[in-house]
Every structure is written in C-alpha cells, then in structure tokens.
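Here's the structure, in structure tokens; my notes come after.
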Amino acid sequence: MCEGAGLLLQLKQRLCRSIDEAEAKLHSLSQDIWSCPELAYQENKAHLRLVEFFSQEEGWKVDPHYKLQTAFRACCWVGDSEQKDVVSVGFLCEYDALPAIGHACGHNLIAEVGAAAALGLKAVLENTHKLPVRVQVVVLGTPAEEDGGGKIDMLREGAFEGLDVVFMAHPSKEDAPYLPCVAVHDVTIKYHGKASHASAYPWEGINALDAAVLCYNNLSALRQQMKPDWRVHGIIKHGGVKPNIIPAYTELEYYLRTPSRAELSVLKEKAERCFRSAAMATGCEVEVEFARNQYDNMLRIATLEELYEMNGKALGMDFTTDEDVLKNESGSTDFGNVTFVLPGIHPYFYIGSNALNHTEEYTVAAGDDRAQFFTLRTAKALAMTALDVLLRPELLQKVKQEFTEAKLKDAQNAEQFAKHC
C-alpha cells in the first residue's frame, strides 16, 4: 500500500500539517531552553523541560535519566504488535550552551527539531493503515556536545543499541545535507618545575614556563611536517604567578584535529613527543591528559543525504552550492562517533540570519521568532526522510548496505594510512 508515490506524498503532507499544528508548544519549548542557557552536563532545566514535554504527550514512554543524569529517552510504538519486522528510528536532541554567550550554536533549535520531527512522524504513522513494519520512534536527549561528548558517553553505555537509523540537524547559516566534520581530541599539558627567586638565585629553580614555551615552539616547528588539513591550536592557560618567581607550574590546552580518526592517532603521537621533549629539555615533570572522549569524523550515507535534499527542496529549501562551504573541514561533533555505530544523517539548516555560529549575533538569531519557520521546515524534511526509509524497505536495506561499505572503506583507508606513516 505504501508503494504509490502519490500516497507517500499525501502522508508527507499530513506529517507537515501535524508539525504545524504543534507549532506553538514547540516554539515555547525552544524559547524556554534558549532563555536559560546551561553548560555541558549541567543542563538541568533544559532536560527537565524536555522530559515534561514528552511526558505530557500521549503515547510516549519516558526514561528521565537515561544513562546520564541530564539525558533522557522517550519512545513510542506504532503498528501491528504481531508484525515481525521492526524498525527503530531515532531523533536526537541537544540542549547545552556555550560559556558566556549562551545558545550561540542554536542547540535550543536542535532540541526543537528533534521533538518536532518525532511528533510529526508518530502522528502520521498512527493514521497509516497496514504499515509494512512495526515502528519504534525514539527520541534521545544527548547532553554535553559542546564539551565532553555526551553521545560518546551514551554510546559507551549502550544507549543507541537497537536503533536502525538516527537523525538530527544542526543550525548554520546555510542549508546543506552535509558539511565536513573533523576528528578532534582535546589535551591538557601540565609542567611541574621548582620555584625560586628569579633574581637572587634563579639557578635553584626549574622553570615550568620555559617548558611551556618550548612545547609551544615544538608544535610550531612540527607544522612544517603536518598535512595541510591537520590542525593544532591551543593556549597557555597558566604561565606563572609573578615575574620575580621562577614558575613552578604551567598549563597548556590544545585541540588536535584531522579529517579522519586514523590520522588523528598519528598526529597525537607526534604532538605528545613535542610535549614530553619540552619537559626533558628543562628538567620539569610533565602530565599529558587527553580528554576522556575523542570526537570522530562522520561516516556519510549518500542515500539519506539524497532523500533529505529531495524532501528539503520540496519544502522550498535552497541548498548551498558554495564549494568553499561544502569543502571547509572545520567543526567537530560527537555525532561523528554515532555514525561509526549505526547509519545516520546530520544536515545543517539556515535559521534566517547570516550570523556565524559561536558569536553573540548567532545567540540572538537562535532565539529570534524568525528562526521558527526554518526550524520547523527542517523538522519536516527530517521526518519525511524517516518516512521514506520506513515505508520503502528497499531504501532501508540500501542505507544499511552503504553503512557497511562506509565502515569497510574507512578501515581500509586507516590501514593504508598506517602503512605510509
């Protein structure tokens, strides 16, 4: 019954109407999150608001503290319980903010997109007779994307087990089915020396600031041998107390980024030699502390991207064709780690502003009423893409096959890269 293109189009139209009907409560949800920005793992009010939102919706079973204190899981079942074929689709919500500038990455809108897409898909499936599969619609609240990697914590705890495909969308200043995301690992380097009077008897000291400066310069020298698309950037967080005291302690923080997780392991090894050699040269002790979670690059699923772009264009989206944008490998996300476990899509969407992410101007844009039209349009395109996958079993098989091939290709590339290093 779901093979007719005309019928599928009608279902998509019905899905869009369901999301439009929920516009007021979805806008309220987004505004409440935006107006009270909270940092990673501390998103208590945003978390509670989302838990209450789904608890008040009919048919949703909510686990309020799913694997992490500020994570949640809401799920519903649609279709014949006698149906043997089951497909589980997930929508992800983010809701942490940035220090000082609030929701300058628009995570309040990510939460709204996830909630809206899930509501719309549930509504249309409940009114569709003779579904080819029994469907589980899952919403996962995933904290700490900006700092820490909540999705990676949740992967480790098995939160994504049982899902077949996962969907989310991220605010930007253009519409794009995909933008390059790179692997990244944060590292803190701590040098421990010995304090002494810098004028009276400097020879009694061990200068931890010298170690920090050498570390910085070592990395700068390394850049000549780094690949053009590798990135190393950092700061000296602590450089001493007073000029007349030989610094006994210094601390640096660096982000190491490469296009793939295989390359990142090589860059980390090279960088660590820079860290430790600075300690050796100055006589300091050194602690090298890599963050608990490394963010991976994203595995792409072409079928999902093509479906999303087709649905987005049907809704009036104007997808960017700017090669500088489409090839700019800059940001990182813990969603990348998810794509190595199951197929997913992470498109970007215009919110009615040309402001850049992580600026005060983008914070304003993320809370502006003008963002609502674009946010709900994105939710519709995501839910329509999920509907395509659910009602056309051959598409789901194609997605899973592409995922298997993408993982195999990544493993082969990693093996080849390791041979040449």
Side-chain angles (χ1 to χ4, degrees), residues 26-27 30 33-34 37 91-98 101-117 142 145-147 151 166-184 231 257 259 295 297-301 304-313 315-336 338-339 344-385:
L26 290 165
H27 188 192
S30 175
I33 296 172
W34 179 84
F91 296 96
L92 306 189
C93 296
E94 293 177 2
Y95 33 91
D96 61 324
L98 289 160
I101 55 176
H103 280 289
C105 212
H107 287 195
N108 60 304
L109 303 179
I110 296 177
E112 183 179 2
V113 165
T142 60
E145 190 277 337
E146 292 290 357
D147 183 21
K151 295 181 192 64
V166 67
F167 301 84
M168 69 168 288
H170 196 292
S172 183
K173 67 183 187 72
E174 57 270 309
D175 285 305
Y178 169 83
L179 291 177
C181 283
V182 298
V184 64
R231 296 288 182 270
R257 300 183 196 256
Y295 287 26
N297 54 293
M298 247 190 267
L299 290 185
R300 300 178 64 178
I301 306 297
L304 290 177
E305 292 177 15
E306 291 164 5
L307 288 170
Y308 178 80
E309 188 166 357
M310 176 191 70
N311 288 314
K313 285 180 176 178
L315 294 170
M317 287 186 185
D318 183 16
F319 290 93
T320 184
T321 57
D322 187 337
E323 288 298 313
D324 289 338
V325 173
L326 295 172
K327 293 182 178 180
N328 181 25
E329 297 177 326
S330 56
S332 305
T333 172
D334 55 0
F335 186 82
V338 176
T339 66
I345 185 172
H346 182 281
Y348 291 80
F349 65 98
Y350 176 69
I351 66 168
S353 170
N354 290 321
L356 295 171
N357 292 66
H358 288 216
T359 65
E360 293 178 353
E361 291 78 11
Y362 207 86
T363 302
V364 174
D368 196 299
D369 289 350
R370 288 176 294 181
Q372 284 306 295
F373 168 79
F374 303 102
T375 301
L376 294 186
R377 183 173 68 174
T378 301
K380 293 170 186 176
L382 269 190
M384 289 162 68
T385 303

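Small disclaimer: the values here were computed from a predicted structure and weren't measured.
Distance check, rounded to the nearest 0.5 Å: OG1 of Thr378 to CZ of Phe167 gives 14.0 Å. Atom OG1 in Thr363 sits 9.5 Å away from atom CG in Asn357 (nearest 0.5 Å). Here CG of Leu304 is found 5.5 Å from CD1 of Ile345. Values are rounded to the nearest 0.5 Å. Atoms OG1 and CG, from Thr375 and Leu26 in turn, are 10.0 Å apart once rounded to the nearest 0.5 Å. Note that CD of Glu305 is 8.5 Å distant from CD1 of Ile301, once rounded to the nearest 0.5 Å. Distance check: Arg231 CZ to Ser332 OG gives 11.5 Å after rounding to the nearest 0.5 Å.
Counting heavy atoms from C-beta outward, Glu174 and Leu179 have side chains that approach closer than 4.5 Å. At least one side-chain heavy atom of Glu112 sits under 4.5 Å from a side-chain heavy atom of Gln372. Side-chain contact between Met298 and Val338 is absent, with no heavy atoms from C-beta onward closer than 4.5 Å. Side-chain contact between Pro171 and Ile110: present, with at least one pair of heavy atoms (C-beta onward) separated by less than 4.5 Å. Put simply, the side chain of Ile33 reaches to within 4.5 Å of the side chain of His103, judged on heavy atoms. Looking at Phe349 and Ile351, their side chains come closer than 4.5 Å, going by heavy atoms from C-beta outward.
Within the structure, ring pair (Phe, Tyr, Trp, His ring centres under 6.0 Å) contacts touching residues 350-370 (residues at least two apart or in different chains) are Tyr350-Phe374.
A side-chain donor-acceptor contact under 3.5 Å links His107 to the backbone of Asp96. A donor-acceptor pair under 3.5 Å is absent between the side-chain atoms of Asn297 and the main chain of Ala183, judged by distance alone. At least one donor-acceptor pair closer than 3.5 Å links the side chain of Asn108 to the backbone N or O of Ala366. In this structure a side-chain-to-backbone donor-acceptor pair under 3.5 Å is present from Thr359 to Leu356. Here the side chain of Thr320 pairs no donor or acceptor atom with the backbone of Ala176 at under 3.5 angstrom. Here the side chain of Thr142 pairs a donor or acceptor atom with the backbone of Cys93 at under 3.5 angstrom. Between the side chain of Asn311 and the backbone N or O of Leu307 there is at least one donor-acceptor pair closer than 3.5 Å. In this structure a side-chain-to-backbone donor-acceptor pair under 3.5 Å is missing from Trp34 to Gly106.
Taking all atoms of both residues into account, the shortest heavy-atom contact from Cys181 to Thr333 is SG-CG2, 3.8 Å. The heavy-atom pair separating Ala355 from Glu361 by the smallest distance is CB-CB, 3.7 Å. Nearest heavy-atom pair, Cys105 versus His170, reported as atom, atom and distance to 0.1 Å: SG-CE1, 3.2 Å. The minimum heavy-atom distance between Ala365 and Ala371, with the atom names listed, is O-CB, 3.7 Å. Of all heavy-atom pairs spanning Met317 and Ala381, the tightest one is CE-CB, 3.9 Å.
A salt bridge does not link Glu145 to Lys151: none of the charged side-chain nitrogens sits closer than 4.0 Å to a carboxylate oxygen. Using a 4.0 Å cut-off between charged nitrogen and carboxylate oxygen, Arg377 and Asp175 count as a salt-bridge pair.
Phe335 and His346 have tilted rings, their planes meeting at an angle from 30° to 60° on a 0 to 90° scale. Between Phe319 and Tyr308, the angle of the ring planes goes over 60°, which puts this pair in the perpendicular group of the 30/60° scheme.
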Going through the distances and angles, do Asp334 and Glu94 end up as a side-chain contact (heavy atoms from CB on, under 4.5 Å)? CA-CA 11 Å; Asp334 55 0; Glu94 293 177 2; 4.3 Å; yes

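Within a 6.0 Å sphere centred on CG of Asp322, other residues, nucleotides and ligands contribute more than 12 heavy atoms.
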